[in-house]
Protein chains: 2
Amino acid sequence: MSRYLNIAMGQLGPVQRSDSRRQVVARLCDMMREAHALGAQLIVYPELALTTFFPRWFLADDADIDSFFEREMPGPETRPLFELAHALGVGFYLGYAELAQEQGRWMRYNTAILVDQHAKIVGRYRKVHLPGHAEHEPWRRFQHLEKRYFTPGSRFDVYQAFGGIVGMALCNDRRWAETYRVMGLQGVELVMIGYNTPVHNAPAPQHDDLSLFHNQLSMQAGAYQNGTWVVGVAKAGLEEGVDSIGGSCIIAPSGEVRACCITKDDEVVVARCDLDFCAIYKQTTFNFDRHRRPEAYDMIVRRKGVALAADGSPWHEPEEA
Amino acid sequence: MSRYLNIAMGQLGPVQRSDSRRQVVARLCDMMREAHALGAQLIVYPELALTTFFPRWFLADDADIDSFFEREMPGPETRPLFELAHALGVGFYLGYAELAQEQGRWMRYNTAILVDQHAKIVGRYRKVHLPGHAEHEPWRRFQHLEKRYFTPGSRFDVYQAFGGIVGMALCNDRRWAETYRVMGLQGVELVMIGYNTPVHNAPAPQHDDLSLFHNQLSMQAGAYQNGTWVVGVAKAGLEEGVDSIGGSCIIAPSGEVRACCITKDDEVVVARCDLDFCAIYKQTTFNFDRHRRPEAYDMIVRRKGVALAADGSPWHEPEEA
């Protein structure tokens, strides 16, 4: 048995601050047309795809911040993408900054939506692992203020769509094994991940040259250890003076790289992915029901950070009585 | 600041059923001498290092099974290894089958011990993730009866030893991200993992050629995502007609392969490892206290296997009230 899904990566090159939503959406539409011509049923776009990556700036003014957010989806500028999706029968994953009214308050999220082949929004994900910092740190060459501008989500839901069980994550989520596992425990067969990853990481610049390796390693391990396809898609290249990695790739449940982008510009790559290829991993090595040992994992949810005793030695959890 | 630890891999070639404990211990001692000559303070041996990998056979007779187990450690045949460790000032990690008396009953564990440079046992680990099956499955070319012969452990403790915080795991544990995370949450800086991994995996033979890749991928991701050194050491080669992978390697906290064995025989490789190299990862990208989100991870301990609704669709956890 095979359940083929033709998946496109819609990698974006840089988006400058002066680029309008209309211009970006036109680029997304161009890529959707190309993906469709190549037989894709689904295209995955990056995180915060509609604007430049604004968390690199400290912005004091709420109106400035809000200018990067969407109050409705689709809105006037994004509607053409939904219309094209409907016309072509191509679904999409799209990351954007979401302004959501909740109990009379406006909340800001780093969000991704999944839109089906009828242009209907079937899932919404709000980024759980916000990286960076919350306060202005002028010593950095550029800021990474996601912890300032966004409220974190706290759920990794999955959805029955595109003939399988699919889930979403965003950027830094992909470095955390918990992200994949929570979706793996819901039977996920495809995890879509948009990202913006500056090459330069101010707190650990000595590892800047490993950023592509870490990107791929994390997604490969998440794919293999949960028997799922993983599609990671970048907004890449030199944006407002800050260079971000490309390295968009589609990873098979074997952990092998099935396809990858090779530029740091707008680039479409399509791969034919058999969702049934997940089963051999889910039924054998990673048959969770047979092999997982949750009774040994308690610390994963009971502790947030590392616990050490006062003398710097490890602090053990007491044995169960 | 640097805290250098010179770590040796003491990879073993095959051990046949006819090989005596005395013969195997002599090989371990030879490797310890070589490791010492190369400046090592610690040598990591494989899982179940003292005998052939007996879970490949269905054994009905308790005396047959027990013949592969150690009733005491050190015992008469293993004492020379402890004596040599004391004489040379070289600590070691050793995997073996342990027969332990608990409340009047004999229990069988797949165990590893950590022995310090004074030949004192400072830690004991009992394998949590037992792979394979519990019943005789004659359709397999060979059995993998770990679930039959061993009682699982349920703790990943870490220890202050060799100038750092160190932990242990065994074989299949290395494929599970939870293994590294539970130790990561205790500040681990070095995870030692012995393994026996047949090239041929009867339930999924189509992936036999990926076994070295999966071995390395899992340890690289565990190292990077927890900012820890990982040392994986094989019992390799053709044992009683069954071929096992080599691929022993030392992985840095960056996820990079620092050193590896290149044979499937007895082989010693030493690498100088700076335990302080962990800090840059633990303090930045993987600063758990800043970036983990345990409130989103509940499912990891609440569920063992995948949960799907009756119609095959995902079964979501209800939102918290």
Side-chain angles (χ1 to χ4, degrees), chain A residues 128-129 131 152 154-160 165 172 175-178 181-182 184-187 201 203-204 206-207 210 213-214 217-218 220-221 224-225 254-256 280-285 288-289 291-308 313-316, chain B residues 128-129 131 152 154-160 165 172 175-178 181-182 184-187 201 203-204 206-207 210 213-214 217-218 220-221 224-225 254-256 280-285 288-289 291-308 313-316:
Chain A
V128 168
H129 296 96
S154 57
R155 297 174 62 91
F156 293 102
D157 286 325
V158 302
Y159 304 91
Q160 203 161 20
I165 297 179
N172 181 44
R175 302 185 197 278
W176 299 88
E178 291 90 344
R181 185 66 93 229
V182 170
L185 285 163
Q186 300 171 81
N201 179 21
Q206 60 270 57
H207 303 139
L210 294 174
F213 165 62
H214 290 153
L217 174 63
S218 297
Q220 287 182 294
Y224 166 59
Q225 296 181 341
S254 61
E256 294 169 289
I280 189 67
Y281 288 93
K282 291 184 189 293
Q283 291 165 2
T284 61
T285 307
F288 292 165
D289 213 40
H291 301 307
R292 289 185 80 241
R293 301 291 318 286
E295 58 272 46
Y297 308 154
D298 248 28
M299 210 179 285
I300 290 173
V301 299
R302 238 188 9 256
R303 274 188 195 175
K304 180 173 183 180
V306 174
L308 294 175
S313 69
W315 187 77
H316 297 288
Chain B
V128 168
H129 296 96
S154 57
R155 297 175 63 92
F156 292 102
D157 286 326
V158 302
Y159 305 91
Q160 203 162 19
I165 298 180
N172 181 43
R175 303 186 197 277
W176 298 89
E178 290 90 345
R181 186 67 93 228
V182 170
L185 285 163
Q186 300 170 83
N201 179 21
Q206 61 269 56
H207 303 139
L210 294 174
F213 166 62
H214 290 153
L217 173 63
S218 297
Q220 287 182 293
Y224 167 58
Q225 296 182 342
S254 60
E256 294 169 290
I280 188 66
Y281 288 94
K282 291 184 189 293
Q283 290 165 4
T284 61
T285 307
F288 292 165
D289 213 40
H291 300 307
R292 288 185 81 241
R293 301 289 320 287
E295 58 273 45
Y297 308 154
D298 249 28
M299 211 179 285
I300 289 173
V301 299
R302 238 190 7 260
R303 272 187 196 176
K304 180 172 183 181
V306 174
L308 294 176
S313 69
W315 187 77
H316 298 288

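Below, all heavy atoms of this structure are taken into account, side chains as well, without hydrogens, waters or symmetry copies. Numbered from 1 within each chain, the chains take letters A, B, ... in sequence-line order. Owing to the predicted nature of the structure, the values given are computational and were not obtained by experimental measurement.
Residue A/Ser218 touches chain B through both its backbone and its side chain, counting heavy-atom pairs closer than 4.5 Å. Looking at B/Tyr224, only its side chain comes within 4.5 Å of chain A, counting heavy atoms on both sides. With a 4.5 Å cut-off on non-hydrogen atoms, A/Gln283 does not touch chain B at all. Heavy atoms closer than 4.5 Å to chain A are found in both the backbone and the side chain of B/His291.
Annotation: the span from B/Thr284 atom OG1 to A/Asn201 atom CG amounts to 6.0 Å, rounded to 0.5 Å. Rounding to the nearest 0.5 Å gives a distance of 4.0 Å between CD of B/Gln206 and CD1 of A/Ile280.
In this structure, the side chain of B/Arg292 engages the main chain of A/Arg303 through a donor-acceptor pair within 3.5 Å. Side-chain atoms of A/Gln186 do not come within 3.5 Å of backbone N or O of B/Leu308 as any donor-acceptor pair.
Here the closest non-hydrogen pair linking A/Met299 and B/Leu185 is O-CD1, 3.5 Å. Of all the heavy atoms in A/Ala296 and B/Val182, the pair that sits closest is O-CG2, 3.6 Å. For the pair A/Ala221 and B/Leu217, the tightest heavy-atom approach, listed with the atom from each and the gap, is N-CD1, 3.9 Å. In this structure, B/Ile300 and A/Pro294 approach most closely via the heavy-atom pair O-CB, 4.1 Å. Counting all heavy atoms, side chain and backbone alike, A/Gly184 lies closest to B/Val306 at O-CG2, 3.4 Å. Taking each heavy atom of A/Pro314 and B/Val158 in turn, the nearest pair found is CB-CG2, 3.3 Å.
Between B/His214 and A/Tyr281, the angle of the ring planes goes over 60°, which puts this pair in the perpendicular group of the 30/60° scheme.
B/Phe288 and A/His129 have their aromatic ring centers separated by at least 6.0 angstrom.
Looking at B/Phe213 and A/Glu256, their side chains come closer than 4.5 Å, going by heavy atoms from C-beta outward.
Between B/Glu178 and A/Arg293 there is no salt bridge, since no side-chain nitrogen of the basic residue lies less than 4.0 Å from a carboxylate oxygen of the acidic one.
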